[in-house]
Protein chains: 2
Amino acid sequence: MKENQNRLEWLVARLRERGFRLTPQRMAVLRILVASEGHPSVEMIHERVRAEFPMVSLATVYKTVHLLKEIGEVLELAFGDDHRRYDGNRPRPHPHLICVKCHSIADVDFAGLAELPDEIAHNSGYQILNHRLDFFGICPACQAQVPHASDRRYD
Amino acid sequence: MKENQNRLEWLVARLRERGFRLTPQRMAVLRILVASEGHPSVEMIHERVRAEFPMVSLATVYKTVHLLKEIGEVLELAFGDDHRRYDGNRPRPHPHLICVKCHSIADVDFAGLAELPDEIAHNSGYQILNHRLDFFGICPACQAQVPHASDRRYD
DNA sequence: GTAGGTGCAAATCGTTTGCTGATTC
DNA sequence: GAATCAGCAAACGATTTGCACCTAC
């Protein structure tokens, strides 16, 4: 995909200009991050990276994702239950729809939220740096499933 | 305070009607939760409870807060860095202002967000159960501080 | 009297870190 | 060639849990 390629080149350029080295392990993580449509966890990234590079350690994936987060090129979505998901394609804050059944995460494109931070800043006196908007619910696919008694889950 | 008293009685009634016992430890946690203006962590609740009841264990505070969360009478705000804060007074979702310097958490009263979940539900097909809106920034008090070189923090 | 609660210490689990040897630049 | 990075295993730290004793009802 063209836009993935562009995004990958962008990330490589950002790392290069800050003097970070481009190891095969890092490149593999970058490629997976850029190719991921959903919002993978570090564990998921690690599994996919291992499919091509079986020798990459989990620690290295953690370090690379953390590095990308630090330079503002990956958006981290942390949840209470020790669960973190990452978006390497849209690192700016944007609202998400999170399915509490299948744990999928989808982006929401919703106009009218763009001015919200400024408005809150003006009303509160806070200097707003960042924000986060998440909706928790049940996705259409999970709603369509007729649950068997054995796999009912209410989490 | 009158409203705290009412809230406390409400919580006691909710626990009673579900058959939960009202131990002195639980009552102490309830009282602290209801009296807390900010959004305390379990650790903070534990410290304050110990001021009156030095024998209350941290595990019990965890269990009580978890219980209240389960019955929907406490709002949990979980952050990525293994940090959770609790609001025992307004358990329904509402936006928050979080200072990245002093870690204080303030409520935002902002009209015009009430219909947002319904609107998102309609547009996306999700059944929305819950949501969360947080703004991260620097509170007026922290903005006013002239930072010494030694305590500059950029987190 | 008994189901449920408390306190303690140990277990848990995602994430981070210290160290040594390898690699990118 | 030197500073940075990868891999490993051990450390970390907030939260949870198993269990023996206790207590609210």
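Computed from a predicted structure; not experimentally measured. Below, chain A is the first sequence line, B the second, and so on; all start at residue 1. Heavy-atom basis, side chains included; hydrogens, waters and symmetry copies ignored.
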field: Degree of bending, the helix from C/dG1-D/dC25 to C/dC25-D/dG1 (end axes from five pairs; round to 10°)
entry: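 The value is 40°.
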
- prompt: Would you say B/Leu30 and B/Leu68 make side-chain contact, with heavy atoms under 4.5 Å?
  reply: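 Sidechains of B/Leu68 and B/Leu30: in contact.
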
Please list every donor-acceptor pair under 3.5 Å in which a side-chain atom of residues 86-96 of chain B meets a protein atom from a residue at least two apart or in another chain.
from, atom 1, to, atom 2, distance (Å)
B/Tyr86, OH, B/Glu76, OE2, 2.8
B/Asp87, OD1, B/Asn89, N, 2.8
B/Asp87, OD1, B/Arg90, N, 3.0
B/Asp87, OD2, B/His39, NE2, 3.3
B/Asp87, OD2, B/Arg90, NH1, 3.2
B/Asn89, ND2, B/Val34, O, 3.3
B/Asn89, ND2, B/Ser36, O, 3.3
B/Arg90, NH1, B/Asp107, OD2, 2.7
B/His94, ND1, B/Arg92, O, 2.9
B/His94, NE2, B/His96, NE2, 3.0
B/His94, NE2, B/Asp107, OD1, 2.8
B/His96, ND1, B/His94, O, 3.0
B/His96, NE2, B/His39, NE2, 3.3
B/His96, NE2, B/Asp107, OD1, 3.2

- prompt: Which letters describe nucleotides 4-13 of chain C, given B = protein heavy atom under 4.0 Å from base, S = only from sugar-phosphate, - = neither?
  reply: BSBBB-----

What pairs with [X] under side-chain hydrogen bond (donor to acceptor under 3.5 Å, both in side chains), at least two apart in sequence or on another chain?
| X | value |
| --- | --- |
| B/Gln25 | none |
| B/Glu115 | none |
| A/Arg14 | A/Glu17 |
| A/Glu9 | A/Gln5 |

task: Hey, could you give me each pair passing side-chain hydrogen bond (donor to acceptor under 3.5 Å, both in side chains) that has a residue in residues 49-64 of chain B? Not counting sequence neighbours.
output: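 Matches after skipping sequence neighbours: B/Arg31-B/Glu52, B/His46-B/Arg50, B/Ser57-B/Thr60.
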
message: When you measure from the side-chain N and O atoms of A/Arg84 to the phosphate of C/dG14, is any distance below 4.0 Å, counting only OP1 and OP2?
response: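 Result: no.
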
A/Tyr62 vs C/dT15: side-chain N/O to OP1/OP2 distance below 4.0 Å: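 True: A/Tyr62 side-chain N/O within range (under 4.0 Å) of C/dT15 OP1/OP2.
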
message: With salt bridge (Lys or Arg N to Asp or Glu O under 4.0 Å) as the rule and sequence neighbours excluded, what pairs involving residues 39-49 of chain A come up?
response: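 Those involving residues 39-49 of chain A do not exist here.
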
query: What are the 5'-most and 3'-most nucleotides of DNA chain D lying under 4.0 Å from any heavy atom of chain B?
result: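 Going 5' to 3' along DNA chain D, contacts run D/dA14 to D/dC25.
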
Atom-pair distance (NE2 on B/His83; C1' on C/dT15), nearest Å: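 In whole Å, C/dT15 C1' and B/His83 NE2 are 17 Å from each other.
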
A/Glu43 CD - C/dT16 P separation (whole Å):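 After rounding, the gap between these two atoms is 13 Å.
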
Could you give the side-chain donor-acceptor pairs of residues 118-125 of chain A under 3.5 Å, partners two or more places apart or in another chain?
from, atom 1, to, atom 2, distance (Å)
A/Ser124, OG, A/Ile120, O, 2.7
A/Ser124, OG, A/Tyr126, N, 3.1

- request: With sequence neighbours excluded, tell me which residues meet salt bridge (Lys or Arg N to Asp or Glu O under 4.0 Å) with A/Glu70.
  value: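 A/Glu70: no salt bridge (Lys or Arg N to Asp or Glu O under 4.0 Å) contacts found.
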
